[in-house]
Amino acid sequence: MALPEGYGYVPSSLITIGWVLVWQSIMVGRYRKRAGVEFPQLYAEQAEVKDSAAALRFNCMQRAHQNTLETAPVLPSELSWQGLKYPALAAAICVAYSFARIAYTIGYKSGQPKRRVFGSIVSNFSVLGLLSTATYVAYQLLPSC
């Protein structure tokens with residue numbers, strides 16, 4: 001089995017997720033410092049959040065990062081499978097996911113979690129699109145195994 005023309009777009013698009021995660025990590029560190037939340041505490045306590053907008057924004061930023069870490073691990077396998085038949089589409093959906101995670105993060109870190117909805121919808125549809133297409137491609141390849 002040979003890789004299709006354009007398959008190089010698939011691993012290249014995965015790099016965008018790495019950059020999003022690095023950016024989110026840097027932002028978590030900045031917001032942690034502003035809120036005065038010491039390590040190893042993962043989030044600011046509810047009492048801190050009630051008294052401090054910085055603590056609320058830290059919790060929102062931390063949650064945006066954690067949520068991205070929850071969804072990102074499934075993408076490499078989905079991209080690998082979808083890329084076998086539709087490499088440009090797979091790469092485009094991956095990049096859309098990355099931009100959606102940026103929009104999600106910007107909305108969430110505002111301290112008003114409802115602002116994350118647009119990015120959440122786009123990134124969730126991206127994941128579902130990749131998963132659906134990857135499942136279809138895997139199914140198509142089963143008889144030839």
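- Minimum heavy-atom separation, Leu84 to Pro4: O-CG, 3.3 Å.
- Residues Val127 and Val137 fall within the same hydrophobic cluster, defined by Ile, Leu, Val, Met, Phe, Trp and Tyr side chains chained together at heavy-atom separations under 4.5 Å.
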| query | Do Trp81 and Leu130 pass the side chain to side chain contact (heavy atoms under 4.5 Å, CB included) test, and can you show the C-alpha distance, the side-chain angles, and the key distance before you say yes or no? | reply | CA-CA 9 Å; Trp81 280 102; Leu130 284 169; over 6 Å; no

| task | Just do the side chain to side chain contact (heavy atoms under 4.5 Å, CB included) check on Val20 and Phe99 with the steps written out, would you? | result | CA-CA 8 Å; Val20 170; Phe99 279 111; over 6 Å; no

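- The minimum heavy-atom distance linking Ala103 with Gly119 is given by the pair CB-CA, 4.2 Å.
- In the hydrophobic cluster analysis, where Ile, Leu, Val, Met, Phe, Trp and Tyr join through side-chain heavy atoms closer than 4.5 angstrom, Tyr136 is grouped together with Leu89.
- Both Val95 and Ile102 sit in one connected hydrophobic cluster of ILVMFWY residues. Membership requires side-chain heavy atoms under 4.5 Å apart, directly or through other members.
- Linking Ile, Leu, Val, Met, Phe, Trp and Tyr residues whenever their side-chain heavy atoms come within less than 4.5 Å places Leu141 and Tyr86 in a single cluster.
- Side-chain atoms of Val74 and Leu131, non-hydrogen and from C-beta on, never get closer than 4.5 Å to each other.
- Each of Ser13, Ser12, Ser126 was evaluated against Cys94; a single residue qualifies, Ser13, per the side chain to side chain contact (heavy atoms under 4.5 Å, CB included) test.
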| query | Between Leu3 and Val10, is a side chain to side chain contact (heavy atoms under 4.5 Å, CB included) present by the stated rule, with each step listed? | reply | CA-CA 11 Å; Leu3 294 176; Val10 174; over 6 Å; no

| message | Assess the residue pair Gln41 and Glu38 against the criterion (side chain to side chain contact (heavy atoms under 4.5 Å, CB included)); give the C-alpha distance rounded to whole Å, side-chain angles, the decisive distance to 0.1 Å, and a yes or no. | response | CA-CA 6 Å; Gln41 192 172 334; Glu38 297 294 325; 5.8 Å; no

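- With rounding to the nearest 0.5 Å, the separation of CG in Leu56 from NZ in Lys109 is 13.0 Å.
- A cation-pi geometry, defined here as NZ or CZ lying under 6.0 Å from the six-membered ring centre and within 45° of its normal, does not hold between Arg57 and Tyr108.
- Residues Phe118 and Ser123 form no side-chain contact, since every pair of their non-hydrogen atoms from C-beta on lies 4.5 Å or further apart.
- Between Gly83 and Ala90, the closest heavy-atom pair is N-CB, 4.0 Å.
- Around atom OH of Tyr9, no more than 12 heavy atoms belonging to other residues, nucleotides or ligands sit under 6.0 Å away.
- Rounded to the nearest 0.5 Å, atoms OG (Ser25) and CZ (Arg30) are 12.0 Å apart.
- Considering OG of Ser110 and CD1 of Ile106, their distance stands at 10.0 Å, rounded to 0.5 Å.
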| Stepwise salt bridge (Lys or Arg N to Asp or Glu O under 4.0 Å) check, Glu70 with Arg63 | CA-CA 10 Å; Glu70 293 165 6; Arg63 187 65 205 127; 3.1 Å; yes

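- At a threshold of 4.5 Å between non-hydrogen side-chain atoms, the residues Tyr104 and Val122 do not count as touching.
- Note that the CD atom of Glu48 and the NZ atom of Lys50 stand 12.5 Å from one another [nearest 0.5 Å].
- Both Phe125 and Val117 are members of a single hydrophobic cluster when ILVMFWY side chains are connected at heavy-atom separations under 4.5 Å.
- Remark: the Arg101 side chain and the Asn67 side chain contain an N/O donor-acceptor pair separated by less than 3.5 Å.
- Counting only residues at least two apart or on different chains, the side-chain hydrogen bond (donor to acceptor under 3.5 Å, both in side chains) pairs with a member in residues 88-97 are Thr71-Tyr97.
- Looking at Met27 and His65, their side chains never come closer than 4.5 Å, going by heavy atoms from C-beta outward.
- Residues Phe58 and Arg34 fail the side-chain proximity criterion, which asks for heavy atoms closer than 4.5 Å.
- By the 4.5 Å heavy-atom criterion applied to side chains, Ile93 and Gln82 are counted as neighbours.
- Heavy-atom contacts from other residues, nucleotides or ligands closer than 6.0 Å to CH2 of Trp23 number more than 12.
- Side chain of Asn59 to main chain of Ala44: a donor-acceptor pair is present (N/O by atom type, distance under 3.5 Å, no hydrogens or angles).
- At a threshold of 4.5 Å between non-hydrogen side-chain atoms, the residues Leu14 and Ile17 count as touching.
- The minimum heavy-atom distance linking Pro113 with Cys60 is given by the pair CG-SG, 4.0 Å.
- Between Pro73 and Pro76 the shortest heavy-atom distance is O-CD, 3.3 Å.
- No side-chain heavy atom of Gln24 sits under 4.5 Å from any side-chain heavy atom of Leu69.
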